[in-house]
Amino acid sequence: MMKTLIYNIKAIYTPKHKPPVKGGLMADIDCLEEAFVVITNDCISYIGQGDYKPFIEQEMVLYDASQAIVIPGLIDAHTHLVFGGSRESEFSKKIAGVPYLDILKSGGGIHYTVHQTQRATEAELYQQALKSLNEMLLFGVTTLEVKSGYGLNLDTEMKQLRVAKALNEHHPIDIHMTYLGAHALPKEFENQREEYILQVIQDLKIIKQNGLAEYADVFCETGVFTAKETEMILTQAKDLGFKLRVHTDEIDSIGGTKVALNLGAKTVDHLMAITDEDIALLAQSNTIANLLPSTSFFLNKAYAPARKMIEQGVAVMVSSDYNPGSTPSENYQLTLQIAGNKLRMLPSEILTAATINPAYSLDISDTTGSIEVNKKADLLLLDCPNLDYFIYHYGINHTRAVFKNGKLVVNQRKRIGDN
């Protein structure tokens with residue numbers, strides 16, 4: 001049995017309501033000042049205030065938090081971690097105003113990433129994703145959702161998911177996998193749309209048989225997949241036992257949110273173009289609105305109406321959407337700070353949106369997402385005087401230390417084992 005005592009904590013901030021945490025309750029969090037935490041093996045066994053010395057035991061590991069604040073480990077529940085290549089060659093064109101469709105026609109955009117991912121070896125994809133994963137850990141991410149979607153054929157989609165599975169087995173961050181074969185229409189299927197959709201449905205069965213994903217996702221958007229096509233794919237996925245997540249309402253509202261709600265999806269993601277009617281429907285459900293402000297920031301596009309959603313009682317979470325085309329940054333702390341400035345979310349709401357609500361969306365809220373006795377000791381120690389400062393002072397890494405499953409994996413902003 002291994003025991004650790006983290007002492008000299010300035011304050012612990014944690015969600016306190018059972019998820020999904022909706023509307024005004026998102027801002028209602030607990031703050032425990034002058035605190036300490038006892039970890040037994042991989043779980044929190046005691047949380048206290050004041051004098052910690054009576055709790056010291058022989059052979060217990062002592063960690064001085066040096067007046068850091070402590071929050072639950074961050075949960076980034078929408079990423080495209082595994083891909084080949086990068087897209088910096090498009091950046092000058094993008095900021096010069098070249099339309100994305102023109103970039104796509106010239107061999108860029110998602111088709112470039114698909115080509116690079118298809119030609120990359122599994123080992124190459126592993127090393128590239130590992131580098132990003134290590135960066136995410138330094139920013140305090142302890143749990144991640146990872147989508148495929150840059151293969152657009154079964155072999156490459158499975159390659160991406162195998163890489164994610166291998167990383168989950170060998171890296172401190174817990175990874176949950178999503179199959180996103182319906183991310184775009186491959187070039188070779190431009191005139192065979194129905195055939196590709198049927199292929200995705202067939203591939204779902206093979207993905208399931210190989211245990212490579214918990215979730216299925218579809219990009220329901222103008223120029224990608226229609227609401228009817230989304231419903232067809234996700235109905236089959238649900239029948240196979242997949243849980244559902246849906247990209248929708250990023251550019252236009254074409255019915256994707258209603259499809260997602262009718263099928264009981266765990267999340268609807270993007271939502272910059274969501275209608276008032278769909279916000280009202282979302283508020284009546286337990287589906288989480290997954291907002292991706294870093295994508296809006298990088299693409300210079302409108303932001304999702306977070307305040308309206310929260311005021312109407314929607315359960316909101318915030319994710320990075322890390323990917324090579326629209327969010328090439330592993331800095332999830334920056335995503336949360338953009339949520340404060342551009343989504344006008346309060347720091348306490350952001351804490352809920354980065355911990356317990358995404359934990360609920362991944363069906364792990366019984367074991368993680370808040371700081372409670374008997375939950376996993378996934379803890380982020382921040383060199384901040386308070387929670388507001390974490391969101392206010394943007395663009396830097398506030399991490400002092402990260403504990404994952406009770407183990408110290410980052411200390412003084414360095415991964416344990418690094419020189």
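Note on ring orientation: taking the six-membered ring where Trp is involved, the planes of H393 and H398 are perpendicular (angle over 60°, cut-offs 30° and 60°). Note: H270 and H247 have tilted aromatic rings, judged against thresholds of 30 and 60 degrees for the angle between ring planes.
L271 places a side-chain heavy atom less than 4.5 Å from the side chain of L282. Residues S370 and T355 are not in side-chain contact: their nearest non-hydrogen atoms beyond the backbone lie 4.5 Å or more apart. Side-chain contact check for Y322 versus E135: every heavy-atom pair is 4.5 Å or farther apart. With contacts defined as side-chain heavy-atom distances shorter than 4.5 Å, the pair F139/L74 does not qualify.
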Begin from the C-alpha positions of T368 and K375 and carry the test side chain to side chain contact (heavy atoms under 4.5 Å, CB included) through to its verdict.
CA-CA 6 Å; T368 191; K375 280 198 169 184; 5.8 Å; no
As a quick check of understanding, evaluate salt bridge (charged side-chain N to carboxylate O under 4.0 Å, His left out) for D383 and R400, giving each step before the final call.
CA-CA 6 Å; D383 281 323; R400 169 179 283 272; 2.7 Å; yes
Show your reasoning for whether side chain to side chain contact (heavy atoms under 4.5 Å, CB included) applies to V38 and M60.
CA-CA 10 Å; V38 178; M60 176 181 270; 4.2 Å; yes
CA sep, side-chain torsions, deciding dist, call: K131, E330, salt bridge (charged side-chain N to carboxylate O under 4.0 Å, His left out):
CA-CA 10 Å; K131 184 178 179 182; E330 294 90 345; over 6 Å; no
Going through the distances and angles, do M345 and V316 end up as a side chain to side chain contact (heavy atoms under 4.5 Å, CB included)?
CA-CA 10 Å; M345 292 177 66; V316 170; 4.1 Å; yes
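Residues that satisfy the side chain to side chain contact (heavy atoms under 4.5 Å, CB included) test with Q67, not counting sequence neighbours, are N8, K10, E34.
For N357 (side chain) and A353 (main-chain N/O), no donor-acceptor pair under 3.5 Å exists by modelled atom type. For K22 (side chain) and Q312 (main-chain N/O), no donor-acceptor pair under 3.5 Å exists by modelled atom type. The backbone N or O of Y112 lies less than 3.5 Å from no partner atom in the side chain of R87, so there is not a single donor-acceptor pair.
Q128 and S86 are not linked by any side-chain donor-acceptor pair at a separation below 3.5 angstrom, with hydrogens and angles left out of the test.
Of the candidates T248, T226, D252, D252 is the only one forming a side-chain contact (heavy atoms from CB on, under 4.5 Å) with E221.
The pair K159-E124 does not count as a salt bridge, with every side-chain nitrogen at least 4.0 angstrom from each carboxylate oxygen.
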Between side-chain atoms of residues 295-305 and protein atoms elsewhere (two or more places apart, or another chain), which donor-acceptor pairs fall under 3.5 Å?
| from | atom 1 | to | atom 2 | distance (Å) |
| --- | --- | --- | --- | --- |
| T295 | OG1 | D321 | OD2 | 2.8 |
| T295 | OG1 | T327 | OG1 | 2.9 |
| S296 | OG | A302 | O | 2.8 |

Donor-acceptor pairs are to be reported for all side-chain atoms of residues 177-185 against protein atoms at under 3.5 Å, with residues two or more places apart or in another chain.
| from | atom 1 | to | atom 2 | distance (Å) |
| --- | --- | --- | --- | --- |
| T178 | OG1 | E145 | OE2 | 2.6 |
| H183 | ND1 | G149 | O | 2.9 |

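In this structure, the ring of Y63 has its center less than 6.0 angstrom from the ring center of F403.
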